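Computed from a prediction, not measured in an experiment: that's the story for all the values here. Residue numbering restarts at 1 for every chain, and letters A, B, ... go by the order of the sequence lines.
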There are 2 protein chains.
Amino acid sequence: MELSERKIKILQAVIRNYLETGEPVGSRTISKYTDLNLSSATIRNEMSDLEEMGYIIQPHTSAGRIPTDKGYRLYVDNMMSEKIAELDEREKALTEREDILIEKVDKVETLLKNMAKMLATDTNYAAMVTTPKHKGSKIKFIQISALGENQLLCVVVSEGNLISNKIIEVEGIDNEELLKLNMLINTNLAGLTLEEINLALIQKMAKAAGENATLVDEVINAVTDAIKVNDDLEIYTSGATNIFKYPELSDTERASGFLSAFEEKNSLANLINEEDSDTGIQVYIGNETPIQNMKDCSVVTATYELDDGIKGTIGVIGPRRMDYEKVVETLRVVKKQLADSFRKKDD
Amino acid sequence: MELSERKIKILQAVIRNYLETGEPVGSRTISKYTDLNLSSATIRNEMSDLEEMGYIIQPHTSAGRIPTDKGYRLYVDNMMSEKIAELDEREKALTEREDILIEKVDKVETLLKNMAKMLATDTNYAAMVTTPKHKGSKIKFIQISALGENQLLCVVVSEGNLISNKIIEVEGIDNEELLKLNMLINTNLAGLTLEEINLALIQKMAKAAGENATLVDEVINAVTDAIKVNDDLEIYTSGATNIFKYPELSDTERASGFLSAFEEKNSLANLINEEDSDTGIQVYIGNETPIQNMKDCSVVTATYELDDGIKGTIGVIGPRRMDYEKVVETLRVVKKQLADSFRKKDD
DNA sequence: GTTAGCACTCAAACAACTCGAGTGCTAATA
DNA sequence: TATTAGCACTCGAGTTGTTTGAGTGCTAAC
């Protein structure tokens with residue numbers, strides 16, 4: 001069977017209506033809702049066809065129709081973007097709010113947390129934001145300083161100005177040694193990635209350090225440890241309880257499952273998908289989602305990218321009948337802003 | 001009316017039984033449950049009395065009794081600690097597990113997160129852990145280093161070895177100046193609390209810095225900013241979804257309310273109570289809890305204290321019919337362990 | 001091809017009924 | 001006087017039956 005122009009319009013109407021109400025949509029509603037000027041009977045025939053083609057389904061015999069995953073997919077892929085004007089305005093408003101957000105915050109962690117929160121309040125769905133992941137990020141600068149008698153503070157700054165630190169215990173060290181150590185460490189390690197610190201290099205440095213060889217060893221360990229922390233993927237979430245705004249997700253079992261998955265950050269990591277579409281935005285509908293407990297949800301993720309291949313993910317998770325247009329647009333904006341804001345910090 | 005020995009035993013039996021089952025407890029059950037060797041009829045009379053006194057209540061006419069807040073309160077205050085032997089063992093097991101936990105982790109944040117998670121899995125309730133709050137914590141050491149052309153990295157270590165850092169933009173500075181600056185900053189600020197950095201001191205330092213006065217200003221700002229971050233109270237939570245294990249909290253409305261409150265860390269801050277009982281453990285039962293949305297829950301909090309008056313809070317939130325004994329004991333252990341683990345880090 | 005009309009279906013809401021756990025009271029008992 | 005057996009009574013929970021109305025599919029007319 002062919003998907004006629006008219007069928008498309010009807011499908012669109014069914015979906016739009018269902019997105020709003022969450023109730024199965026009947027033929028009479030469509031007959032009034034659209035400008036097709038068709039009677040409910042005609043609509044019924046068309047809907048019957050659409051059901052046969054797998055785009056909509058009846059929850060039970062005497063009910064209206066609701067979209068299937070296939071229906072949503074068609075909608076998302078082909079029928080969405082129309083209200084451009086409205087979105088432009090939205091984008092402006094969002095951008096402004098975020099600018100404020102970013103100005104006020106100088107800790108990456110706080111920035112991302114706020115971003116997640118804003119995303120959640122803005123969309124009324126659950127939101128997640130991951131830290132930008134530095135794949136093989138380079139060491140920029142290392143500073144070792146004495147901290148009391150037997151402790152050294154080791155600060156590592158890596159590309160993107162991510163700072164990490166570690167305290168190591170040592171047996172007394174005087175200032176001159178410290179200076180040498182700093183020099184040695186910096187000249188040898190700056191510019192390298194974690195992977196490039198190999199045994200040969202470590203031995204070379206130990207040799208150069210002479211009697212302080214063991215110390216160098218410890219410091220190198222501290223440095224790699226410290227940098228590893230930055231490689232840790234953190235996921236910030238917000239708005240989990242928004243799901244209670246959608247009755248179809250609010251029953252105890254579903255809610256419990258969803259919230260468990262959402263609390264367990266590990267499972268959220270499954271949503272991170274590097275092979276992106278050209279727009280960098282991915283939409284998973286219902287059963288397409290990689291997380292078992294979210295089969296009744298839809299997930300939209302976007303990858304934000306800093307200059308140098310450093311990537312992070314932002315995502316919104318809501319009911320199948322999520323306002324895809326709004327979510328996609330919001331993510332597009334946030335994605336851009338996030339990238340910009342990091343670039344700003346790097347200057 | 002007098003609370004006879006027998007009434008106490010019956011009340012205790014009612015509570016114990018209710019804690020386990022969550023179902024109203026009938027007279028016949030008690031008659032078998034206890035070693036009082038009384039018929040259900042007698043128990044009925046006693047229970048009727050207990051109800052009149054306000055310790056238990058009937059949800060409806062033909063149901064068994066459940067404890068009131070007053071009943072729980074009596075139980076918690078006077079009738080609890082009995083199974084000491086068992087707990088000793090528990091303590092050992094817990095302690096071991098935590099030791100492992102602590103060894104493997106060197107980032108405070110991760111430690112606390114893990115702690116919360118453990119607390120939650122262990123008790124099957126929701127758990128929270130706050131960062132230790134450094135009231136007027138002293139600056140221990142400041143290190144300023146050049147980071148590229150126009151940036152300075154400013155690392156502040158404060159008491160308890162909490163490290164914070166900030167990057168500041170400057171107009172070129174050479175090494176010698178930097179050395180002087182470090183000296184100046186350290187001699188003047190080390191040992192002070194945030195409050196002690198006043199205008200007079202700043203002016204004095206600016207004067208000493210001569211042409212670098214504005215720079216000193218900026219650095220001081222960075223230092224205070226950096227230290228403020230540590231003063232921020234972070235609250236880590238875990239196990240929110242455990243509430244779905246208790247049917248009386250699982251209906252949509254209650255769950256939604258609870259989870260919202262739990263997600264909103266601000267509201268959890270209300271649970272932090274500095275005026276502690278002698279044990280440092282606080283029990284809030286039902287309506288006693290300071291958080292509106294948790295009226296159907298009970299909350300047990302404990303304050304852990306590091307050597308120097310630095311305090312944090314850990315807490316467990318569950319249904320009214322929570323296993324108070326177990327929770328109090330667990331908190332007692334974790335409290336101790338947490339304090340120890342920080343002390344270890346400080347050496 | 002479209003539409004009006006009508007019989008049919010089925011979930012949701014409501015009412016009626018049953019069942020049983022548990023009570024309170026009374027009268028008998030130790 | 002305290003305890004207990006016995007019994008009538010209460011009421012929530014679960015079950016069944018009924019009603020209602022939204023919505024369908026089909027047919028015949030336009």
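- What separates CD1 of Ile56(A) from C1' of dG23(D) is a distance of 13 Å, to the nearest Å.
- Taking a cutoff of 4.0 Å between a charged side-chain nitrogen and a carboxylate oxygen, Glu288(A) and Arg73(A) qualify as a salt bridge.
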Please list, one pair per line, the donor and acceptor atoms closer than 3.5 Å that link side chains of residues 26-33 of chain A to other protein atoms, with sequence neighbours excluded.
from, atom 1, to, atom 2, distance (Å)
Ser27(A), OG, Arg44(A), NH1, 3.2
Ser31(A), OG, Leu38(A), O, 3.1

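- Side-chain contact, Tyr284(A) with Thr301(A): no donor N or O sits under 3.5 Å from an acceptor N or O.
- Between Lys117(B) and Glu264(A) there is a salt bridge, since at least one side-chain N of the basic residue sits less than 4.0 Å from a carboxylate O of the acidic one.
- For Glu23(A) and dA11(C), the CD to P distance is 15 Å, given to the nearest whole Å.
- Here dT2(C) presents its C1' atom at 14 Å from NZ of Lys7(A), a figure rounded to the nearest Å.
- We find the CD-OG1 distance between Glu325(B) and Thr330(B) to be 11.0 Å, quoted to the nearest 0.5 Å.
- More than 12 heavy atoms of other residues, nucleotides or ligands sit less than 6.0 Å from atom CG of Asp77(A).
- Other residues, nucleotides and ligands contribute at most 12 non-hydrogen atoms within 6.0 Å of the CD1 atom of Ile57(B).
- When the P atom of dG23(D) is taken as reference, atom CD of Glu51(A) falls 15 Å away, rounded to whole Å.
- Toward the 5' end of DNA chain D, the nearer of the two residues Pro59(B) and Arg6(B), judged by each one's closest nucleotide, is Arg6(B).
- Between the C1' atom of dG23(D) and the CG atom of Asn17(A) lies a distance of 14 Å, rounded to the nearest Å.
- Taking every heavy atom of residues 27-48 of chain A and every atom of DNA chain C, pairs under 4.0 Å involve Asn37(A), Leu38(A), Ser39(A), Ala41(A), Thr42(A), Arg44(A), Asn45(A), by number.
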Practice item. Quick one: do Glu46(B) and Lys9(B) satisfy salt bridge (Lys or Arg N to Asp or Glu O under 4.0 Å)? Show the steps, please. Key: CA-CA 11 Å; Glu46(B) 294 287 50; Lys9(B) 275 201 173 164; over 6 Å; no

Return the polar atom pairs (N/O with N/O) between nucleotides 12-16 of chain C and the protein under 3.5 Å, or none.
none

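- The distance between atom CD1 of Ile10(A) and atom C1' of dT2(C), rounded to the nearest whole Å, is 13 Å.
- Using a 4.0 Å cut-off, some side-chain N or O of Arg65(B) falls inside it from OP1 or OP2 of dG24(C).
- Note: Met115(A) CE to Met128(A) CE = 14.0 Å, rounded to the nearest 0.5 Å.
- Here the side chain of Thr61(A) is nearest to one of dT9(C), dT24(D), dG22(C), namely dT9(C).
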